[in-house]
2 protein chains.
Amino acid sequence: MTKALERREKLRAALIQAAEQMIAERGLAGLKTRDLAREIGCANGAVYNLVADVDELILRVGSRTLLRLDEALTLATNAGESSPRESLVRIALAYCDFAAENLQLWRALFEHRMETGKLVPDWSVHDQMQLFRHIYQPLAALFPERSPEELGITARSLFSAVHGMVALGLEQKLVAVPLPALRKEIAGLVRAMIDGLIARDVKGAAAAD
Amino acid sequence: MTKALERREKLRAALIQAAEQMIAERGLAGLKTRDLAREIGCANGAVYNLVADVDELILRVGSRTLLRLDEALTLATNAGESSPRESLVRIALAYCDFAAENLQLWRALFEHRMETGKLVPDWSVHDQMQLFRHIYQPLAALFPERSPEELGITARSLFSAVHGMVALGLEQKLVAVPLPALRKEIAGLVRAMIDGLIARDVKGAAAAD
DNA sequence: AATAATATTGAACGATGTTCAAGGTTCCTG
DNA sequence: CAGGAACCTTGAACATCGTTCAATATTATT
């Protein structure tokens, strides 16, 4: 039982790695089972012994991408001055840089859509939540009055806003923005958002509108 | 020459409308030429007389979606109190509402990717720029010191940030957010961004970092 | 060593976008 | 109005996918 499973696991790892490289080079749409099979040296049909379908394969690659992204954000959180505000700026810029350096893999995280009715497996869903936690800690330091639920919501909003800037900024479809300009814009708007949130906090929440 | 062209134009319009409905119902991936042909009553191959390929078809549908979106944003700009800040909030909420009510068509605007090498035709690129102009006017009122180029950049950043919140907020992939909560978050963050931008403006631009 | 369990293969299937020769329509011209 | 040129429509055929499966080869167990 060992020999077979060992080989199977080796091939599985090779398959996922080949898929990762193929997505990085040719985009999500360029991922072809026949090319993958040739790459790892097995028959086309054998792919389905290692993985249920391409959906799973894409999710497995996505899991690795999320892991690397997580590392990059962790690195950004701890490096540099420790003011929460500047930590958040560094995290946002790290997100931007990661997306730029891993453009196709990063895009694959959001482009991929399961066919309706098929639900995303647990191990894949779990990964995605982790991203917010980097933002959560500095936010908690900035807004000690807010409840964990409120902080979670604010964290997701901030993350989403930065994600949007990165997504549209790196898109060829709209006007291409040079990366340094994009980084500057992101840093500026993150600082503005934080300052604005703090000001609104002091002033008394929603009473001002 | 009139009879043939007339029929052609009628069929073309029917094709685009059928494509729009099909995307709205089944998503971008559910768009199939054979189904479209059956829908409008012609042969599968005839579709390629009306349209160069499905890429063009998708772009044509996208053009219509952008037009309707533009109308919705125009409506939001003029309705309600005329303070630029609240105009921007209304525009952001209108964008959110439009995306929620036209989820699949709105997604198609961003999901669709041309195969590499094929470039987007002019008439399609032109449409997309128009969206920023709704944001531009209130922004110009809020920041009279800024140059048109700076305003354009800020407008795109603001738009992108809101887009990100809407995109991730409406995504099933991450935790589903109830629409009213999302609207509240968007309104709050837009106000915070504007307040923060104004504060940074007063304080002396980038000198503070 | 024989037999059971499992893995691998590559041909085949069903979709799908796209093309194309054949045959029909429509339009212009004399 | 007749006849030919230009154009349109058709549906079969092609290439390319993901996926399946009976047959074969390999591995594990007794």
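Labels below follow one simple rule: chain letters A, B, ... track the order of the sequence lines, proteins then strands, and each chain is numbered from 1.
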Open item on the list: If I take atom CD1 in residue A/Ile58 and atom C1' in nucleotide D/dG18, what distance separates them, rounded to the nearest angstrom?
Closed with: 11 Å
Task: Selected nucleotide, minimal atom distance to B/Tyr48 side chain, candidates C/dG10, C/dG17, D/dG11 - done: C/dG17
Task: Nearest-nucleotide pick for B/Asn44, side chain only, options being C/dT18, D/dT10, D/dC8 - done: C/dT18
Task: Nearest-Å distance for atom pair CG/C1', residues B/Leu36 and C/dT18 - done: 14 Å
TODO: Looking only at side-chain atoms of B/Val54, point me to the closest of D/dT19, C/dG10, C/dT18.
DONE: C/dT18
Task: Between C1' of D/dT26 and CZ of A/Arg7, the distance in whole Å - done: 10 Å
- [ ] Rounded off to whole Å, could you give me the CZ-to-C1' distance for the B/Arg34 and D/dA13 pair?
- [x] 11 Å
TODO: Write down the distance between CZ (B/Arg38) and P (C/dA15), rounded to a whole number of angstrom.
DONE: 11 Å
TODO: Might you work through the salt bridge (charged side-chain N to carboxylate O under 4.0 Å, His left out) test for B/Arg60 and B/Glu56, ending with a clear yes or no?
DONE: CA-CA 6 Å; B/Arg60 296 231 114 97; B/Glu56 184 191 329; 2.3 Å; yes
Open item on the list: Could you tell me how far apart B/Asn49 (CG) and C/dT25 (P) are, to the nearest whole angstrom?
Closed with: 16 Å
- [ ] To the nearest Å, give me how far apart CD1 (A/Ile40) and C1' (C/dT8) are.
- [x] 12 Å
Open item on the list: Any side-chain to backbone donor/acceptor pair from B/Arg90 onto B/Ala76? Under 3.5 Å, distance only.
Closed with: yes
Task: Distance, rounded to the nearest Å, where B/Asp35 contributes CG and C/dG17 contributes C1' - done: 13 Å
Task: Selection from C/dT18, C/dT8, D/dT10 that lies nearest to any side-chain heavy atom of B/Ala46 - done: D/dT10
